[in-house]
Amino acid sequence: MQANIKKEFNNLVTRVEASFESQFKRQARWVATAPGRVNLIGEHTDYNGGFVFPMAIERNIVLAADERKGAADGNAEITIYSENLGDTQTLIIVNNKIAKTGQWTDYIAGIFAGFLNFGVQFKSLDIALDGDVPIGGGLSSSAALEVSVATLLEAVTGKTLSPIEKVLLCQKAEHDYPGVPCGIMDQFASVNGKKDHLLLLDCDSQQAEAVPFMSDEYSILIIDSNVKHSLANGEYSKRKAECEAAAKILNVDTLRQVTMDQLEKSASKMDPIIFRRARHVIGEIERTEQAAVAMRASDWATVGELMLASHTSLRDDFEVSCKELDVLVELMMELGESKGVVGTRMTGGGFGGCTVSVVPTSEVDDLIAGVSQRYIEKIGIEPEIFTTRPAEGTRMIKL
Ligand code: GLA
């Protein structure tokens, strides 16, 4: 299995280097990579100062790049070829400023803006990219793109960042350019991913603890529903505003500072929707801490119960699930009784994307076949299903 993963990754790197050569007629000088992520539990808690429990996955974005001749005089042209999208775009730096494009290249422009803010200057640059993180599938393809560009630009400019500086630069890029008001989980996991470990990240202190996931007995199974409902971005901002409204009524900076008891005592002061949003966040922060404790003790039954409780809360209180994700969770539970499934839930922002499950490695093939067939019968779409182990974060491959 691991040999296959390594081979696939090497093939991806070779493909990106070849597409650089065929597009730009020379060899790439630098190659950088960053992984996507999956979150085991702790959803919609990061922007509330809570805990999350993600890991980097064995799916990556790879970039190959080289500078063009010329001076770094405040003006430059960045030409980017995306093999995934079959699209070439050019970003223009004028007087050390880079404008928004309203396109996928905004994830890249935002990172250049972050480096320009440090006062570094760029020569013109050619970049080719490709990846196997499903695009827009809730596995943080956007964070993987941002982080891989940041890693590349450290090499290009010689300006090195600490891991947390890199995370915050990438998060700011996502806020300012594509305009998504995300928390720090995705970028943090893509920067700091650790082989065979999950990261219990405290989004308030921005410190993480690595929790081992070494067992070969269990696997992390990701099922991409292959749907993405268009309301995802607008609803994300709405949920964030609702959480802020709850914190304001409770007179705290973030919901992290509130216990369930305190919330319940203030229920009468709140709109019922705001109350339910806060109940999800406060409960989810507790569940996430408990899941890390249970995992350390190999108490898989508790991990599974907490994952299911997380899904129910995201579905009923936070209202970010959708029919397809609920069907996937139900199917895993049905099949799980005989197959020893530990736990299952939606993962990421919601309204489509993926579920994450912990399953016995020996049952993976049967589960994939069973879920696939039943999901097609119920929804009429073929899901994409794969297993992954916790992987390393971003790095340079060719420096
Ligand atoms: C998206 C955001 C993250 C986080 C999750 C929900 O992935 O980018 O910051 O808020 O949704 O947990």
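Both counts, for ligands and for their atoms, begin at 1 and track the order of listing. When a residue number appears, it is its place in the shown sequence, counting from 1.
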Students should be able to answer this: which protein heavy-atom is nearest to atom 10 (O) of ligand 1, and at what distance? Y236 OH, 2.6 Å
Among all protein heavy atoms in this structure, tell me which lies nearest to atom 8 (O) of ligand 1, with the distance rounded to 0.1 Å. D186 OD2, 2.6 Å
Please identify which atoms of ligand 1 are closer than 4.0 Å to at least one heavy atom of M185. 4 (C), 5 (C), 12 (O)
Aromatic rings H44 and H280: how do their planes relate, parallel, tilted or perpendicular, breaks at 30° and 60°? perpendicular
So, do Y107 and Y177 have ring centers that fall under 6.0 Å from each other? no
Using a 3.5 Å cut-off on N or O atoms only, is G183 in polar contact with ligand 1? yes
For atom 12 (O) of ligand 1, which of the options M346, Q187, E43 provides the nearest non-hydrogen atom? E43
Pair R374 + E377: basic N to acidic O under 4.0 Å: no
Ligand 1 to H44 polar contact by distance, N or O atoms, under 3.5 Å: yes
Using salt bridge (charged side-chain N to carboxylate O under 4.0 Å, His left out), reason through D106 and K100 one step at a time and then give a plain yes or no. CA-CA 6 Å; D106 269 343; K100 281 188 213 177; over 6 Å; no
Can you list the ligand 1 atoms lying under 4.0 Å from a non-hydrogen atom of D46? 3 (C), 4 (C), 9 (O), 10 (O)
Mark up the atoms of ligand 1 that fall under 4.0 Å of a heavy atom belonging to Y47, in ascending order. 10 (O)
Should you measure from each heavy atom of R37, which atoms of ligand 1 turn up under 4.0 Å away? 7 (O)
Please identify which of these residues, Q187, E154, Q171, meets the side-chain hydrogen bond (donor to acceptor under 3.5 Å, both in side chains) condition with K166. E154
Euclidean distance, H229 NE2 relative to F351 CZ, rounded to 0.5 Å: 9.0 Å
Examine S140 against ligand 1 and note whether any of their N/O atoms are separated by less than 3.5 Å. no
Using 30° and 60° as the class limits, which term best fits the ring planes of F122 and F115: parallel, tilted or perpendicular? perpendicular
Carboxylate-amine/guanidinium contact R345 E43, below 4.0 Å: yes
Closer than 4.0 angstrom: is that true for some heavy atom of E284 and an atom of ligand 1? no
